[in-house]
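Okay, structure first, notes after.
Computed from a predicted model, the values in this text were never measured in an experiment. By convention in this document, chain letters (A, B, ...) are assigned in the order of the sequence lines, proteins followed by strands, and residues within each chain are numbered from 1.
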Amino acid sequence: MNITLPGGRAVVGQVGIPAGELLAREMPDRARSFLAALLDGRPVDLATPLTADAELAPLTFADRAGRDILEHSAAHLVAKALVATIPEARPTHGPPTEEGFFYDFEVRPLVPADLDAMRTAMDRSIQAREPFVRREISRAEANELFASNPHKLRYIAETPEGEPISVYYTGAFVDLCRGPHVPDTGWLAGIHVLGFSGLERDAGSEGPSLQRVRGVAFPTRAELEAYLKLRAEAEARDHRVIGAKQELFLFLDETPGFPFWLPKGMVLVRELETYVREHLRRAGYSEVRTPLLFPQSVYETSGHWEMYREDMFVSELEGRTFGWKPMNCPGSMLIFRSRARSYRELPLRLAEFAPLHRYEASGTLHGLTRVRELVQDDAHLFLMEDQIDAELAVLLDWIREAFTTFRLEWSYELSTRPARFLGEVATWEKAEATLERALRASGVPYRIAAGEGGFYAPKIDIHVRDSLGRPWQTGTIQLDYQMPQRFGLQYQGPDGQLHTPVVVHRTILGTWERFLGVFIEHCAGRFPPWLAPVQVRVLPVSDRHAEAARGLRDELASTGLRAEVASPEESLPKRVRAAELDRIPYTLVLGDREAEQGTVAVRIRGSKENRTMSRPEFTGYALDRVRRREYDP
RNA sequence: GCCACUGUAGCUCAGUCGGCAGAGCGGCUGAUUCGUAAUCAGCAGGUCGGGGGUUCAAGUCCCUCCAGUGGCUCCA
């Protein structure tokens, strides 16, 4: 029997030798990291006997498939532990996910004490290094074995005739499973249960609700510890925590989902607006402001009433029904329609930064990243068909520039026609193809999110990851053939005929709220100097320098820098510490030495050294970095 | 909206079996006049998320509403 190993090396194996044994024999140095194998490209247990000529490769945690196997094996262990804790629990399924695994159970609602019991049971199993043992059984045997678990019976029934039905034993616990698995539970020392939650029940289904237990798994305890440390770090830079500490924004019980922007947070918003407006000016946009409320009839025209009403705030006034706008598009459409339009006006680019209201379900609210009142850096581009490609190219270019400025890594998702949509399928497909062409032309990688488009248009969504790798959706580019039609928009073309324009709805940063939520976490509250609410803090060494410090502050303020004085009621070291904790980019110490020489001692955030500069030298340095929007102080 | 959990001073949290509401930080006042990540002392600050109930007695037990957290669903 000839077995081909990775790299094309062919070895001879005795028929019946387990895959793991052969791999260990041929690659003894690495054998300890092998948790499963690929047999002719199919993942299998290491215990699988080799019976014919084949290609064989080891799988480790470094392989995506290997990682999935470890995580799925961890899910089995969770199931074993939960059933040991609550015997009447009925396991359903437990797949690996992007960040770990889960296992869903039909069981009474779990409580934290259940997790403690499960952890104990899991530890015991891990200590015992219980092997995962595969058995293939008949359909009848399977039906008998899982007679008390309707979910497993359903999976058995769904298994195509002719496909083997396999079960895996872990000690006394048995689960219906295709496998493969790690050799034994000793591999699961790096398992950690993150938590549990109830699942939304499918409409119409009865009986106890499902409970999901989520976890992560690593090959070693040490890797788990590293992961947990990263998570703890992520919690420390939670924008909700930083926002409170730095007094950027506020949420009150009385107004769930409605952020209060505090003075310092408002500086961030204004700086972002200024940044975006600079682009608007260069790229030929005009800014408008349209009403916050429109009568129902306008939303009937736009399609919102049919497709988006659930998410809208609605007011009844004098017997008429008004909706608070959830998007800016209707207003822009009405402006376009307000008079005859010529092709010479196109592209017409209307930007609007108006507060939008969306009645997001209470359970989905989350700090700044999911709110009920938000402001987008929104614009609508009214285009002729042959202007679309060029505009899309400009937008993708602009996105690259913006996200580079913020040092955010971004990726694109092409979201296609959803189940509920307006208009004709053919138009949708044309729009989707146009967006895809633009993405290809820009040369950036993208993913297709089938069925994730808006109800009126397919879109390119911009996803950013913060520095800890968590993904967020921010900007969006939507190519819309529906709304112009529904609003009856027309322009007179060079041919003298009336045509319907195409509209691109687009945001770059998305919303100030979500963008700042993400960016606060990305920079961990250490804002680039141009964004920092306080750019310079002046620390007089003692009372006799307070006057000079105030003078310096005024001097800095007159150049446009945001500066403040920390008066010497506290010790200098304490004020230095506070400035560092407040993430102030530039801390200037002013004492006798500096007063005499007309200099300042400059401490740059994150650096313990300080540099003596003349006042004009510092001002020039700081202003230059602010003006260039440098990321670091 | 659904499931679970949580809610004590501005913030982070302690509060045992139901028996007098606490600490640190922050704030204020005073002393100190300070040279690059915490000087010292004192003081103020609470409807224990709201309402209802059980009890001689509720921060603590029960019900309910509100808000938050983690998921589900949804989404910028």
Worksheet item: Say you pick atom P in B:U6 and the same atom in B:C62; how far apart are they, in whole Å?
Response: 11 Å
Discussion item. Taking B:A67 as the reference, what is the distance to B:C61 when you measure between their C1' atoms (whole Å, please)?
Written reply: 23 Å
Worksheet entry | From B:G1, B:A4, B:U39, nucleotide with atom closest to A:F196 side chain | B:A4
Practice prompt. Assign A:G195 to base, sugar-phosphate, or nothing according to its heavy-atom contacts below 4.0 angstrom with the strands shown.
Written response: nothing
Discussion item. On RNA chain B, does the nearest nucleotide to A:P256 precede the nearest nucleotide to A:R575 from the 5' side, or the other way round? Give the residue.
Written reply: A:R575
Discussion item. With hydrogens left out and only the distance checked, is there a donor-acceptor pair under 3.5 Å joining A:R370's side chain and the base of B:C74?
Written reply: yes
Item to complete: Compare side-chain N and O positions of A:K574 against OP1 and OP2 of B:G26 and report whether any pair is under 4.0 Å apart.
Response: yes
Worksheet item: Taking atom P in both B:C5 and B:G46, what distance in whole Å separates the two?
Response: 32 Å
Worksheet item: Taking the six-membered ring for Trp, are A:F105 and A:Y103 parallel (under 30°), tilted (30 to 60°) or perpendicular (over 60°)?
Response: parallel
Discussion item. Just to be sure I understand the rule, does A:A578 reach a base, reach only the sugar-phosphate, or reach nothing, if contact means heavy atoms closer than 4.0 Å?
Written reply: nothing
Item to complete: Using both distances under 3.5 Å as the test, list the Watson-Crick or G-U wobble partner of B:U55, or none.
Response: none
Fill in: Salt bridge present between A:R605 and A:D632 (N-O < 4.0 angstrom)
no
Practice prompt. Using the closest heavy atom to pick a nucleotide of RNA chain B for each, name whichever of A:D311 or A:V111 lands nearer the 5' end.
Written response: A:V111
Fill in: Identity of whatever pairs with B:A14 - Watson-Crick or G-U, under 3.5 angstrom
none
Item to complete: Could you state the atom-to-atom distance from CZ of A:R214 to C1' of B:C5 in whole Å?
Response: 13 Å
Discussion item. Taking only the C1' atom of each, what is the distance from B:A21 to B:A9 in whole angstrom?
Written reply: 11 Å
Worksheet item: Between A:F294 and A:Y299, what is the ring plane arrangement, given parallel below 30°, perpendicular above 60°, and tilted in between?
Response: perpendicular
Worksheet item: How are the rings of A:F515 and A:F519 set to each other: parallel, tilted or perpendicular (split at 30° and 60°)?
Response: parallel
Worksheet item: Using purine N1 to pyrimidine N3 plus N6-O4 or O6-N4 for Watson-Crick, or N1-O2 and O6-N3 for G-U wobble, both under 3.5 Å, which nucleotide pairs with B:C75?
Response: none
Worksheet item: With under 30° as parallel and over 60° as perpendicular, where do the rings of A:H505 and A:Y456 fit, or are they tilted in between?
Response: tilted
Item to complete: Look at all strands and tell whether A:P573 reaches a base, only sugar-phosphate, or nothing, counting heavy atoms closer than 4.0 Å.
Response: sugar-phosphate
Worksheet item: B:A67, B:G1, B:G35: which one has an atom nearest the side-chain heavy atoms of A:A361?
Response: B:G1
Discussion item. Starting the side chain at C-beta, find the nucleotide from B:U39, B:G35, B:A76 nearest to A:Q376.
Written reply: B:A76
Worksheet entry | Salt-bridge criterion met for A:R237 and A:E521 (N-O under 4.0 Å) | no
Practice prompt. Respond yes when some side-chain nitrogen or oxygen of A:H366 is under 4.0 Å from OP1 or OP2 of B:G70, and no when none is.
Written response: yes
Practice prompt. Write down the distance between CD1 (A:I462) and P (B:C75), rounded to a whole number of angstrom.
Written response: 17 Å
Practice prompt. Would you mind classifying the nucleic acid contact of A:L365 as base, sugar-phosphate or nothing, using non-hydrogen atoms under 4.0 angstrom?
Written response: sugar-phosphate
Worksheet item: Would you say a side-chain N or O of A:T511 is under 4.0 Å from OP1 or OP2 of B:A76?
Response: no
Worksheet entry | Mutual orientation of the aromatic rings belonging to A:H357 and A:F258 [parallel < 30°, tilted 30-60°, perpendicular > 60°] | tilted
Discussion item. What contact category does A:E360 fall into here, base, sugar-phosphate, or nothing, at under 4.0 angstrom with non-hydrogen atoms?
Written reply: base
Discussion item. Given B:C72, B:U39, B:C75, identify the nucleotide with an atom nearest to the side chain of A:R358.
Written reply: B:C75
Discussion item. Please classify the nucleic acid contact of A:E569 as base, sugar-phosphate, or nothing, using heavy-atom distances under 4.0 Å.
Written reply: base
Worksheet item: Between B:A76 and A:Q473, is there an OP1 or OP2 to side-chain N/O distance shorter than 4.0 Å?
Response: yes
Worksheet item: Roughly how far apart, to the nearest Å, are B:G24 and B:C63 at atom P?
Response: 36 Å
Worksheet, complete the sentence: A:R372 atom CZ is separated from B:C74 atom P, nearest whole Å, by 18 Å
Worksheet item: A:V576 side chain: which of B:G70, B:A4, B:A37 is closest?
Response: B:A37
Worksheet, complete the sentence: Any strand, both distances under 3.5 Å, Watson-Crick or G-U wobble: B:A21 pairs with none
Worksheet item: Expressed in whole Å, how much space separates the P atoms belonging to B:A58 and B:C20?
Response: 11 Å
Discussion item. Quick check on B:G1: is either OP1 or OP2 less than 4.0 Å from any side-chain nitrogen or oxygen of A:S362?
Written reply: yes
Worksheet item: In whole Å, what is the span from the CG atom of A:L194 to the P atom of B:A4?
Response: 20 Å
Item to complete: Sort out the partner of B:A4 for me: Watson-Crick or G-U wobble, both distances under 3.5 Å, none otherwise.
Response: B:U69
Practice prompt. Mark yes or no for a side-chain to base donor-acceptor pair under 3.5 Å between A:E594 and B:G35, with no hydrogen or angle criteria applied.
Written response: yes
Discussion item. Between A:R240 and B:G68, is there a contact of a side-chain N or O with OP1 or OP2 at under 4.0 Å?
Written reply: no
Worksheet item: Rounding to a whole Å, what distance do you find between A:F249:CZ and B:G10:P?
Response: 19 Å
Practice prompt. Kindly indicate whether the side chain of A:R514 and the base of B:C75 share any N or O donor-acceptor pair separated by less than 3.5 Å?
Written response: yes
Fill in: Protein-nucleotide distance (A:H380, atom NE2; B:A76, atom P), rounded to Å
13 Å
Practice prompt. Look at the aromatic rings of A:F218 and A:Y227 and report parallel, tilted or perpendicular, splitting at 30° and 60°.
Written response: tilted
Fill in: Atom-pair distance (CG on A:L374; C1' on B:C75), nearest Å
10 Å
Worksheet item: What does B:C43 pair with, Watson-Crick or G-U, if both distances are under 3.5 Å?
Response: B:G27
Worksheet item: Think A:K245 has a side-chain N or O under 4.0 angstrom from the OP1 or OP2 of B:C25?
Response: no
Worksheet item: Under 4.0 Å between a Lys/Arg side-chain N and an Asp/Glu carboxylate O for A:E271 and A:R562?
Response: yes
Fill in: Nucleotide of B:A76, B:C3, B:G35 approaching A:K459 most closely (side-chain heavy atoms)
B:A76
Discussion item. From the set B:A76, B:U73, B:U33, return the single nucleotide nearest to any side-chain atom of A:V371.
Written reply: B:A76
Item to complete: Determine the Euclidean distance between corresponding C1' atoms of B:U8 and B:A14; express it in Å to zero decimal places.
Response: 10 Å
Worksheet item: For the pair made of CG in A:D592 and P in B:U33, what is the distance, rounded to whole Å?
Response: 14 Å
Worksheet item: What does B:A37 pair with, Watson-Crick or G-U, if both distances are under 3.5 Å?
Response: none
Discussion item. Using atom C1' in both nucleotides, what's the gap between B:G7 and B:C65 to the nearest angstrom?
Written reply: 14 Å
Worksheet item: Got a salt bridge between A:D582 and A:R537, using NZ or NE/NH1/NH2 to carboxylate O under 4.0 Å?
Response: yes
